[in-house]
Amino acid sequence: MTHIPANTPPAPEESSEQSVHRLEAQRRANRDAIAALGIDPYGGRTVDLMTIVEARSKFDEEANAAHQAAGKAPPPGYVDRRPVVKVAGRIVLKRDGGKLMWMQIRDWTSGPKEAPEGLAPASDGSATRPLEPPAHDLQVAVSLADVAAPGFDLSKSLDLGDVIIVTGPIMKTKAGEVTIWASRVEMACKSLAPPPEKWKGLHDVEIRYRRRYIDLYANPETMRAFMLRSRLASLIRRFLEAREFVEVETPTLQVQAGGAAAKPFQTHLNALGIDLFMRIAPELYLKRLLVGGMPRVFEWSRNFRNEGMDKSHNPEFSMIELYEAFGDYNTMMELTESLFRECAKEVAGGADDLRLPFGEWMIDFGSTFVRVTYGELFERALGFPMTDAARVVQEAKRRGLPVVSKTGTPLDPILIVNELFDVAEESIDPSRPTFVLDYPAPLCPLTRPKKSNPSVAERFELFVGGMEMANAYTELNDPDIQEAKFREQLAGIGEDESTFRNFDEDFVYALKVGMPPAGGLGIGIDRMMMVLLNQRTIRDVILFPMMRPV
RNA sequence: GAGGGCGUAGCUCAGUUGGCAGAGCAUCGGCCUUUUAAGCCGUUGGUCCUGGGUUCGAGUCCCAGCGCCCUCACCA
């Protein structure tokens, strides 16, 4: 779909009747009719509201049966004990039967459509019907006899998409559906824009992303996913706080964008007359906090990387980075596994089975995560050890990978190994969360080497569902080695990169002040949410993903 | 960046060999106090993504562009 249609407001200078879409014009007329009843079409502060789920839970079978038994002429002394509820919701269906209207209203708790759990006999016993309606929207009945003026006249002028507040006893209809039998109907807000089709809903993915506010109410599954993401974010914070990590905030606007190798966004600070970068990682600031004596820190960091966009990359994305003084990559591995498992438990809703669907796979968060070293994985996937330089070069040539640099000098074999390692990564079972650990030291210049084997860096990456989820290190805290590695990196970059790669002298100075040994970890939160919420594209876990402007 | 697919009413979608622009829902009018995507009768609504071209005639064929989706490439 292309055009974002005509229900956008007209520019002021052309707001003639003709420029307003006919469907909007009709809704404006209905709004005027509501105003003419003395009702504010945009409502006001409202107290004592409950959600649709709460209202539904108030239903009392006995009180409902007693009320039915009392009939139209209740005996003296009869008291209606059906609980009275008050609910706000958006109208998604309306059936006007003249003096009796039926509506379905929806709020954020209504929940997605589900397959009926079974069939129940119809009232005459001759046929069957679904036990529950397809969506958990709440039915409202508006009867001329029972709704106080001007609620009935208001209801006549309501359009699909309006938000209303309904008060009345919660009861069950003859057909067995829990319903508010309205005594009051009030206006919360008028909707001037035509809603999506009532049954097929909103499918156009472009409109879903650009106009998430429609997607959220029109597709309860979208609401469910983002509500769950929020619950998981809260859980992650509580998990880290329970382990005595403190949440900090460090600069998003940075003089130099460090801590990762990515192209940054550039901006300008007028007050100081200087160019700045949006951060690509919070790493170097968080480590400064360890130098200062904070024992365990984490940041929920929005990072900005000026690179490609695809189903696992958005230009701005969320990452948790954390540092633990006196930890190392082993403590980070334990923490990572526990964190993912706790999140999976939350998604599973208390079930023992922690296998969660992700596309065609069932990802097993319950079993111990697979641990495999870089070298083992390489040999298993390629069929020869990465130390076999001749086979490495031979295999790279066979796959058309470069074995000499642009200047014609032979590439370091370890760099060729790293090219071939993509093949190894693809051999990881997507349904088994897998730690790949002990990377070759030359590939990880900023990581502490193993004391027992300096050719191996204490680093791991976690792969889940075919994606890189997390990256952790035993951090380097020797200022001289850090400085040398920085200079080495700077020497090896091209001119285009040199504009935003700088030597962070202050960070090296911080290490001279002294940083305790530490473990560091970064988790790509959006990708983590993808596998936990079973969403195959990052745009389905980001409320407002980057879109080309229309 | 390369290849492929898609773009038609507010929404969801058809549209045959190039021959009057279609359906369902929504809207609007009428009937209806237990409906369940309510029903019945009637009604309105179009920049066929944009701009060129071929043709007597283009939603359809050709060229260019725009947007979205998919695959691949790039991507600490």
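From a predicted model like this one, the values you see are computed outputs, not experimental measurements.
Of the two residues contacting RNA chain B, namely A/E197 and A/L160, the nearest-nucleotide position lying further toward the 5' end is that of A/E197. Heavy-atom nearest nucleotides on RNA chain B were determined for A/R539 and for A/K94, and the one closer to the 5' end corresponds to A/K94.
Contact between the side-chain N/O atoms of A/R95 and the OP1/OP2 oxygens of B/rU35 is not found at any separation under 4.0 Å. Within the 4.0 Å cut-off from OP1 or OP2 of B/rC13, at least one side-chain nitrogen or oxygen of A/H203 is found. For A/R548, a side-chain nitrogen or oxygen approaches OP1 or OP2 of B/rG67 to under 4.0 Å. Between A/K200 and B/rC11 there is no side-chain N or O to OP1 or OP2 distance below 4.0 Å.
Between the side chain of A/T173 and the base of B/rU36 there is at least one donor-acceptor pair of N/O atoms closer than 3.5 Å. Residue side chain A/E177 does not reach the base of B/rU35 through any donor-acceptor N/O pair under 3.5 Å, judged by distance alone.
Below 30°, between 30° and 60°, or above 60°: for A/F421 and A/Y374 the angle between ring planes is below 30°, a parallel geometry.
To the nearest whole angstrom, the two C1' atoms, one in B/rG39 and one in B/rG24, are 16 Å apart. Nucleotides B/rA23 and B/rA14 place their P atoms 16 Å apart, quoted to the nearest Å. For the P atom pair drawn from B/rG19 and B/rU60, the interatomic distance equals 11 Å after rounding to whole Å.
Legend: residues meeting side-chain hydrogen bond (donor to acceptor under 3.5 Å, both in side chains) with A/D215, ordered by chain and number and at least two apart, are A/R208, A/R212, A/N219, A/T222.
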| task | Take A/N314 and A/R539 through the test side-chain hydrogen bond (donor to acceptor under 3.5 Å, both in side chains) and record every step on the way to the result. | result | CA-CA 8 Å; A/N314 197 61; A/R539 288 181 160 187; 5.2 Å; no

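Closest to the A/L100 side chain, of the nucleotides B/rU34, B/rG10, B/rU12, is B/rU34.
The residue from A/E426, A/M469, A/E468 that alone fulfils the side-chain contact (heavy atoms from CB on, under 4.5 Å) condition with A/F463 is A/E468.
Remark: side-chain polar atoms of A/K156 are paired, donor with acceptor, to backbone N or O of A/G98 under 3.5 angstrom.
Side chains of A/D310 and A/H313: a donor-acceptor N/O pair is present below 3.5 angstrom, by distance only. A side-chain N or O of A/E299 and one of A/T250 form a donor-acceptor pair less than 3.5 Å apart.
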| remark: In 5'-to-3' order, the base (B), backbone-only (S) or no-contact (-) status of each nucleotide in nucleotides 71-76 of chain B, using a 4.0 angstrom heavy-atom cut-off, is S--BBB

